[in-house]
Amino acid sequence: QEREAARAVVPPTRLERGQPLWTLPDDASVLQGHGVPGAVRGLVRGRARVVKTLFPAPSRVELADDDILVLPALLPSWAAELWQARALITDSGGALSHGAILARERGVSAVLGTRSATRLITNGQPLLVDAERGRVYLIPQHAER
């Protein structure tokens, strides 16, 4: 049932002999949280940039074009990094949190309050962020082609 539900949300990434194929393998995990849709509707694909601790404050962390910022929470000292991120995922926060307000202001898709993102997501892991439904799909490293 979970795989069929994922197929309803995630568009096929390729076609083979006219048949749609999804890259979500059976061992893909899904995190749930409060979604904040960004300026770009639909799924946001990228690679995780996991920051396990918020202290000390960043001295300009450089993010790649496809980096999705994964933080315990979005503190004011980390707000500038949000401007470079493709999407935001946090362990804590909700619809009225500082992270949600900044994500809406900037137009960045976000899923907040997952409770375990910084523990379950590894740095560089491919992700699909569905901010409209408040879901983060963790794609195992071996599944990406």
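Position 1 is the first residue of the sequence, and the numbers go up from there.
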TODO: Could you list the residues that satisfy side chain to side chain donor-acceptor pair (under 3.5 Å) with Ser97, not counting sequence neighbours?
DONE: none

TODO: Return the minimal non-hydrogen interatomic distance between Gly38 and Ser109, and the atom names on each side.
DONE: N-OG, 3.3 Å

- [ ] Report the residues that fulfil salt bridge (charged side-chain N to carboxylate O under 4.0 Å, His left out) with Asp67, sequence neighbours left out, ordered by chain and then residue number.
- [x] Arg49

Task: Nearest atoms (heavy-atom pairs only) where Tyr137 meets Asp130 - done: CE1-CB, 4.2 Å

- [ ] Please report the shortest heavy-atom distance between Pro72 and Val51, naming the atom on each side.
- [x] CD-O, 3.1 Å

TODO: Considering non-hydrogen atoms only, spot the tightest contact between Gly46 and Arg86 and give its length.
DONE: CA-NH1, 4.4 Å

Task: side chain to side chain donor-acceptor pair (under 3.5 Å) against Gln32, all qualifying residues, sequence neighbours excluded - done: Arg135

Open item on the list: Could you tell me if the side chain of His98 sits less than 4.5 Å from the side chain of Pro76, heavy atoms only?
Closed with: yes

Task: Pairwise distance OG(Ser92) to CG(Leu112) - rounded to 0.5 angstrom - done: 8.5 Å

Open item on the list: Closer than 3.5 angstrom, by distance alone: can the side chain of Trp83 be matched with the main-chain N or O of Arg106 as a donor-acceptor pair?
Closed with: no

TODO: Examine distances only and state if a side-chain atom of Gln125 and a backbone atom of Thr122 form a donor-acceptor pair shorter than 3.5 Å.
DONE: yes

- [ ] Taking side chain to side chain contact (heavy atoms under 4.5 Å, CB included) as the test, write out the residues that go with Ala117, two or more places apart.
- [x] Leu31, Val70, Ile89, Asp91, Thr114, Ile121

- [ ] Please list, chain by chain and in numerical order, all residues satisfying side chain to side chain contact (heavy atoms under 4.5 Å, CB included) with Arg115, sequence neighbours excluded.
- [x] none

Task: Side-chain touch Val108/Leu82, heavy atoms, less than 4.5 angstrom - done: yes

Open item on the list: Between Leu138 and Leu127, does the side chain to side chain contact (heavy atoms under 4.5 Å, CB included) criterion hold? Intermediate values first, please.
Closed with: CA-CA 5 Å; Leu138 287 62; Leu127 302 172; 4.0 Å; yes

Task: Contacts of type side chain to side chain contact (heavy atoms under 4.5 Å, CB included), residue Arg104, not counting sequence neighbours - done: Val36, Ala100, Ile101

Task: Non-hydrogen atoms of Ala103 and Ala110 that approach each other most closely - done: CB-CB, 3.8 Å

Task: Identified side chain to side chain contact (heavy atoms under 4.5 Å, CB included) counterpart of Arg47 within the set Asp66, Asp65, Leu63 - done: Asp66

Open item on the list: As a test of understanding, state which of Val129, Val111, Leu71, Val44 forms a side chain to side chain contact (heavy atoms under 4.5 Å, CB included) with Leu88.
Closed with: Leu71

Open item on the list: Once rounded to the nearest 0.5 Å, what's the spacing between atom CG of Leu54 and atom CG of Leu74?
Closed with: 8.5 Å

